[in-house]
Amino acid sequence: LINNNWFTKEAASTHVGFIFSDGSIFHASNDINGVEIKTDFTDILKNPHQYLVLNIGHDEEEVKKIAKYILDEVKLNIKDGKAYDYKGILRLLPGPFGWFFRQFSFIMKKDKYKWFCSELVASVLNKIGFLDIEELTDEEYPYEISPTDLYNLIKGKSVIVKSYCTK
């Protein structure tokens, strides 16, 4: 699931996640829940033109199993749903802003139970064998990739599916 709603033409997407055949969505967002399996897909129903759905052609049950494992680990180790990786986003910023934030050691410390959207998706795609670790660029933070860069990595390996909902 790729959200194409963005204010600049340079980005292909601003958010990624997994949408399953039952309509549930596994993603990481900076809302109150952080990492979650969401069953409210109202925005997709209202704005299907803002979403691009890619079929990665992989066993959905395996992806769900990994999603559940990650979610269980997050719930055990992170309190109050604060599982969004804000520091990872700051590390990912390009140019002088990114350079500035990367000067702080607390920003550079990765919490293995916190995720931002494309970091979470890249990790799952690697675990199911869809993405090789070599395709991801940063050795220290291998899954920290922007939604746009992730989209560019997977678009040639997947099939675009019309985004619509039947509910």
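- Between Ile154 and Leu131, some side-chain heavy-atom pair lies under the 4.5 Å cut-off.
- No more than 12 heavy-atom neighbours from other residues, nucleotides or ligands sit within 6.0 angstrom of OH on Tyr69.
- Note that the CZ atom of Phe20 and the OG1 atom of Thr39 stand 12.5 Å from one another [nearest 0.5 Å].
- Tested against Cys117 for a side chain to side chain contact (heavy atoms under 4.5 Å, CB included), the candidates Ile89, Val16, Asp85 yield a single pass: Val16.
- Judged by the 6.0 Å distance and 45° axis criteria, Arg91 is positioned over the aromatic ring of Tyr141.
- Aromatic ring orientation, Phe104 versus Phe106: tilted (interplanar angle from 30° to 60°).
- Annotation: side chain of Val74 is not in contact with side chain of Asn77 (no heavy-atom distance under 4.5 Å).
- Ion pairing between Glu135 and Lys157 holds under the 4.0 Å rule for side-chain N and carboxylate O.
- A cation-pi arrangement, defined by a distance under 6.0 Å to the six-membered ring centre and an angle within 45 degrees of its axis, is present between Lys110 and Trp115.
- Ile19 contributes atom CD1, which lies 12.0 Å from atom CG of Asn55 (distance to the nearest 0.5 angstrom).
- Using a 4.5 Å cut-off on side-chain heavy atoms (C-beta onward), Val124 and Phe18 make contact.
- Judged by distance alone, the side chains of Asn126 and Tyr143 do bring a donor and an acceptor atom under 3.5 Å apart.
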Before you tell me yes or no, could you show the steps for Lys64 and Asp22 under salt bridge (charged side-chain N to carboxylate O under 4.0 Å, His left out), namely the whole-Å CA-CA distance, both residues' side-chain angles and the distance that decides it to 0.1 Å? CA-CA 11 Å; Lys64 281 184 171 182; Asp22 64 3; 3.5 Å; yes

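- The number of heavy atoms from other shown groups lying within 6.0 Å of NZ (Lys75) does not exceed 12.
- Hydrophobic clustering (ILVMFWY, side-chain heavy atoms < 4.5 Å, transitive): Val121 and Ile128 are in one cluster.
- Residues Ile70 and Phe26 are in side-chain contact: their nearest non-hydrogen atoms beyond the backbone lie under 4.5 Å apart.
- Looking at heavy atoms from C-beta onward, Leu52 lies in side-chain contact with Tyr151 at the 4.5 angstrom threshold.
- Between the side chains of Ser105 and Lys109, not a single donor N or O lies within less than 3.5 Å of an accepting N or O.
- A heavy-atom distance below 4.5 Å is not found between the side chains of Phe101 and Met108.
- In this structure the side chain of Leu136 reaches within 4.5 angstrom of the side chain of Ile145, judged on heavy atoms.
- Using a 4.5 Å heavy-atom cutoff, the side chains of Ser29 and Glu36 are in contact.
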